[in-house]
Amino acid sequence: MSEKIRIIASEQAWIEGEAVQQLENTAKLPGMQRAVGLPDLHPGKGAPIGAAFASEEMIYPYLLGNDIGCGMGLWQTDLKKNKIKLDKMVDKLTGLDDQYDGDIQAVLASHDLAPSPADPFLGTIGGGNHFVELQKVNEVVDQAAFSELGLDKKRLVLLVHSGSRGLGEGILQKHVAAHKAAGLVADSEEGREYLAAHDHALKWAKANRETISSRFLAALRADGEFVLDLPHNLLTQTEICGEKRWLHRKGAVPANGGPVVIPGSRGSLTYLVAPVGDLENALFSLAHGAGRKWQRSASRDRLRKKFSADSLRRTDFGSRVICEDKNLLYEEAPQAYKKIDLVINDLLAAGLIEIIATYQPVITYKRRTRVD
DNA sequence: ATGTGC
């Protein structure tokens, strides 16, 4: 394996050969200095997911993929853990895939965002692995760090996973039409144009998660306080070992900006962790989740044989899954994902995290609208 | 992942 590559995973971790091959391929790209695979590394469309890449001079839009700015936002609600009325809450969460009926222009203005064709979709989560999850505390491990974030173990939190919808898609498509998987010189007209579009999508995606949270909180008739928001598909100029590098993160959460959330699948715990240790050697990045184990089509084929759709709408935690799109229900089932505990154990073994707390699902909202 | 593909 190239000395440019590091894979942070134990021998027991299930990492597909194709993902490792994809990581090897990225290390050969012109200007590429280092590539790090995180414990949730898995194959993507040409480029791996769960990885960070540091390059000199060149930037590679293809490594980031279409959902520029996709990430996790966390809000603490004023809903109490001991007063959960599941059926009533599920009934309230309707109409949330429709166009946002609030003031989109005001949201854009507050984030200093220029108009874009994706604006009618602001406030919608989209499909794929995107979700909104209401969670309750499972365990507080580091009370001081937990309190420091303003968190209260009696209160439910809202975790929002979404991105830049059609906006990032359009930016990648434009690049691919002209350059396919090839990169750009960062300091060129096209490079600067991509970076400007990227930065816009990054901000838009954050505004999207904020809008989604306010919609869901309003539907639940709850208030919420912002806790944190971190993208996991992004490109930044970052100093690494004393050199300015273009740091690409694809399914990798920044570990140089305080605590991060690493969610499992909807059937497992979510970890709130503090990055520690030699993060520079991990390109200041951590795993962004459990990582997919089975491809979408394989998940549908395998799980349809074993489980009814309704059985997948409840989890071992007693939580509910709101998802009327049956394909999505099977594609995103917990069985299709790796075990989050193993991902966390690998990060602990590498000395890169300390656990602050764990949360468990109460309600997982996937796209509710029926499309099948 | 996708104002969702043949």
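Note: hydrogens, waters and symmetry copies are ignored here, and every other heavy atom, side chains too, is used.
- A search for salt bridge (charged side-chain N to carboxylate O under 4.0 Å, His left out) contacts involving A:Glu354 returns nothing, not counting sequence neighbours.
- Side-chain heavy atoms closer than 4.5 Å link hydrophobic residues (I, L, V, M, F, W, Y) into clusters, and following such links, even through other members, never connects A:Trp246 to A:Met58.
- One can place CZ of A:Phe121 at 3 Å from C1' of B:dG3, the figure rounded to the nearest angstrom.
- At whole-Å resolution of the value, NZ in A:Lys45 and C1' in B:dG5 are 12 Å apart.
- A salt bridge (charged side-chain N to carboxylate O under 4.0 Å, His left out) check over residues 219-233 of chain A, counting only residues at least two apart or in different chains, returns the pairs A:Arg209-A:Asp229.
- Across the protein-nucleic acid pair, A:Ile125 atom CD1 and B:dT2 atom P stand 9 Å apart, rounded to whole Å.
- Computed from coordinates, the A:Asp97 CG to B:dT2 C1' distance equals 15 Å when rounded to whole Å.
- Distances from the side chain of A:Arg367 to the nucleotides B:dG3, B:dT4, B:dT2 place B:dT4 closest.
- A:Gly128 comes within 4.0 angstrom of sugar-phosphate atoms only, judged by non-hydrogen atoms across all strands, and of no base.
- Applying the side-chain contact (heavy atoms from CB on, under 4.5 Å) criterion to A:Asn66, with sequence neighbours excluded, gives A:Glu169, A:Leu172.
- Contacts between residues 160-177 of chain A and DNA chain B, defined by a heavy-atom separation below 4.0 Å, involve A:Arg165, A:Gly166, A:Glu169, listed by number.
- Per the geometry, CZ belonging to A:Arg300 stands 18 Å off P belonging to B:dT4, to the nearest Å.
- Taking the salt bridge (charged side-chain N to carboxylate O under 4.0 Å, His left out) definition, one finds that A:Asp112 meets it with nothing, sequence neighbours left out.
- Residues meeting the ring-ring contact (aromatic ring centres under 6.0 Å, His included) test with A:Tyr330, sequence neighbours left out: none.
- In this entry the distance linking CG of A:Asp98 with C1' of B:dG3 reads 14 Å, nearest Å.
- In this structure, the CG atom of A:Asp67 is 14 Å from the C1' atom of B:dG3, given to the nearest Å.
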